[in-house]
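Both counts, for ligands and for their atoms, begin at 1 and track the order of listing.
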Amino acid sequence: MAHILVTGALGQIGSELVPALQAQYGRENVVTLDMKSQPAGFAARHEVAKLPAKAVLARVIKKHRIDTVYHLVSLLSATGEKDPSYTWYLNVQSLKDVLDLAVEHKLKIFWPSSIAAFGPTTPHDQTPQHTVLAPTTMYGVTKAAGELLCQYYFLKYGVDVRSVRYPGVISAEALPGGGTTDYAVAIFYEVLKTGQYECYLKPDSMLPMIYMADAMRATIQLMEADPQQLTIRTSYNLAGVSFTPAELVSEIQQHLPLKVSYKSDSRQAIADSWPNSIDDSVARKDWGWRHEYDLPRLTTTMLEKLRVKLGVK
Ligand SMILES: NC(=O)c1ccc[n+]([C@@H]2O[C@H](COP(=O)([O-])OP(=O)(O)OC[C@H]3O[C@@H](n4cnc5c(N)ncnc54)[C@H](O)[C@@H]3O)[C@@H](O)[C@H]2O)c1
C-alpha cells in the first residue's frame with residue numbers, strides 16, 4: 001500500500017489532489033505538508049513546514065514511512081516575477097531536495113511542470129512534445145531546469161520520477177495561486193457575484209487549459225502507469241481544451257448575462273510567450289491519456305459548483 005506525501009497540499013491543485021488520493025489509497029495513507037495549517041478535517045496527518053528544508057522533509061519521510069511524494073510546492077508565473085531569486089531558490093532547491101531524498105529512500109516522485117516551460121520561440125500551435133524550451137519567466141526557467149533535473153535523476157540514479165506539463169488548471173475549490181491563467185477561474189466567480197469582469201488578457205489570447213477533474217485523472221493515471229510504457233522522464237505534454245477569453249465569455253453568456261472589459265497588464269506578455277495549443281499524442285500513446293472536459297462541459301460544471309459554493313441561485 002502506498003504511503004503518500006503531498007507537499008504544497010493546500011494550494012489550488014493539492015486541495016483536489018489530496019481528496020482524490022485519499023479516495024484511491026485510503027485517508028490514513030495520505031500525509032500532507034504545507035507552510036499553512038490545514039483546515040479542519042482536510043487530512044488525517046498534516047505537517048507544517050516551510051521548504052526548502054531537506055532535514056525536515058527527511059524527518060517527515062521517515063516518520064510516516066513515505067514511499068511516494070507528490071511535490072507541488074512552487075511559486076507560480078505571475079507571483080514568481082515579483083521575486084525571481086526566491087522563485088529559483090524555492091522551486092529548484094526544494095525539487096532537488098526531494099530528488100536527493102528519493103535516491104536515499106527509494107521514493108517514487110510526481111512533480112508537475114507547466115506550459116510555462118515553453119517560450120516565445122517554441123511553436124505556438126499544437127506545440128510538440130520535443131521542442132524548444134526557452135522560457136522568459138523565472139517560473140518557466142525553474143520548470144525547464146526542473147524537467148532536466150528529473151530526467152537526470154532518472155538516468156543517473158534510476159529514480160522513478162514522473163511529470164506532466166499542466167496547462168492552466170480550472171477549478172471551483174481553492175482559488176489559483178498567482179498564475180497567468182487565473183482569469184479563467186476568476187471570471188466564473190465574478191459572473192455569479194457581480195455579472196461583470198475586467199480581464200487582464202486581450203480577448204484573443206488563446207491558452208491551453210484543463211479542467212481539474214481531468215488534471216487529477218491524468219496525474220493518478222500517470223503515476224499508476226507501467227514504468228516500461230513511459231518514454232518521457234522530463235515531462236509529458238498534456239492537453240485539455242484551448243480557448244480565448246472571448247470564447248470563454250461567449251460560452252458563459254449562453255447561461256448568464258456577463259459584461260466584460262479588457263485591460264492588459266504584465267501577465268499579457270507572459271501569455272503571449274506561451275503556446276496556444278498542445279500536442280499530447282505521446283501521453284495518449286504511452287499511458288492512454290484522454291481528456292473528458294471540453295469548453296461547454298467545463299463551463300456548465302464550474303457554474304454548477306460555484307452556485308452551490310457561493311450560495312447563488
Ligand atoms: N494551477 C495551475 O494552473 C498550474 C499549472 C501548471 C503547473 N502547476 C504546478 O502545480 C503545482 C501546484 O500549483 P498550485 O496551483 O496548486 O499552486 P498554489 O500556489 O495554489 O499552491 C501552492 C501551495 O504551496 C504552499 N507553499 C508555498 N510556498 C511554500 C513553502 N516555501 N513551503 C511550504 N509550502 C509552501 C502554499 O501555501 C500553497 O498551499 C506547482 O508546481 C505549479 O507549478 C499549476
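At a heavy-atom distance under 4.0 Å, no atom of Thr7 approaches ligand 1. The part of Ser113 lying near ligand 1 is the backbone, judged by heavy-atom distances below 4.0 Å. Counting heavy atoms closer than 4.0 Å to ligand 1, residue Tyr139 contributes side-chain atoms (C-beta onward) but none from N, CA, C or O. Looking at Lys50 against ligand 1, both its backbone and its side chain come within 4.0 Å, counting heavy atoms. Residue-level proximity to ligand 1 for Arg165 is absent, since no heavy atom of it falls below 4.0 angstrom. Residue contacts with ligand 1, taken as heavy atom pairs separated by less than 4.0 Å, do not involve Leu75 at all. When heavy-atom distances to ligand 1 are checked against a 4.0 Å cut-off, Tyr86 comes that close only through its side chain, counted from C-beta outward.
Between Tyr183 and Tyr200, the ring planes are perpendicular. Angles over 60° get that label, and only those under 30° would be called parallel. Taking the six-membered ring where tryptophan is involved, the planes of Phe110 and Tyr70 are tilted, since the angle between them lies from 30° to 60°.
For ligand 1, the atoms closer than 4.0 angstrom to any heavy atom of Pro167 are 3 (O), 5 (C), 6 (C). Counting atoms of ligand 1 from 1 in the listed order, those under 4.0 Å from a heavy atom of Gly168 are 3 (O). Set against the non-hydrogen atoms of Leu10, the atoms of ligand 1 under 4.0 Å away are 39 (O). The contact set between ligand 1 and Gly177, taken as ligand atoms under 4.0 Å from a residue heavy atom, comprises 19 (O), 20 (O). Heavy-atom proximity to Ser74, at under 4.0 Å, picks out these atoms of ligand 1: 40 (C), 41 (O), 43 (O). When each atom of ligand 1 is checked for a heavy atom of Ser114 under 4.0 Å away, the hits are 6 (C), 7 (C).
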- Task: Take Ser94 and His71 through the side chain to side chain donor-acceptor pair (under 3.5 Å) test and state the conclusion after the steps.
- Result: CA-CA 9 Å; Ser94 69; His71 177 52; 3.0 Å; yes
- Message: Apply salt bridge (charged side-chain N to carboxylate O under 4.0 Å, His left out) to residues Asp160 and Arg162 and explain how you reach the verdict.
- Response: CA-CA 7 Å; Asp160 188 359; Arg162 305 176 183 203; 2.9 Å; yes
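Judged purely by distance below 3.5 Å, without hydrogens or angles, the side chains of Asn276 and Ser242 never pair a donor atom with an acceptor atom. Between the side chains of Thr131 and Thr122, no donor-acceptor pair of N or O atoms lies under 3.5 Å.
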Kindly list each side-chain donor-acceptor pair under 3.5 angstrom involving residues 50-59, sequence neighbours excluded, with atom names and distances?
none

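Shortest contact from atom 33 (C) of ligand 1 to any protein heavy atom: Ala49 O, 3.2 Å. For atom 32 (N) of ligand 1, the closest non-hydrogen atom on the protein side is Leu51 N, 2.9 Å.
Using a cutoff of 4.0 Å between basic side-chain nitrogens and carboxylate oxygens, Arg217 and Asp214 are scored as salt-bridged.
Within a 6.0 Å sphere centred on NZ of Lys106, heavy atoms belonging to other residues, nucleotides or ligands number 12 at most.
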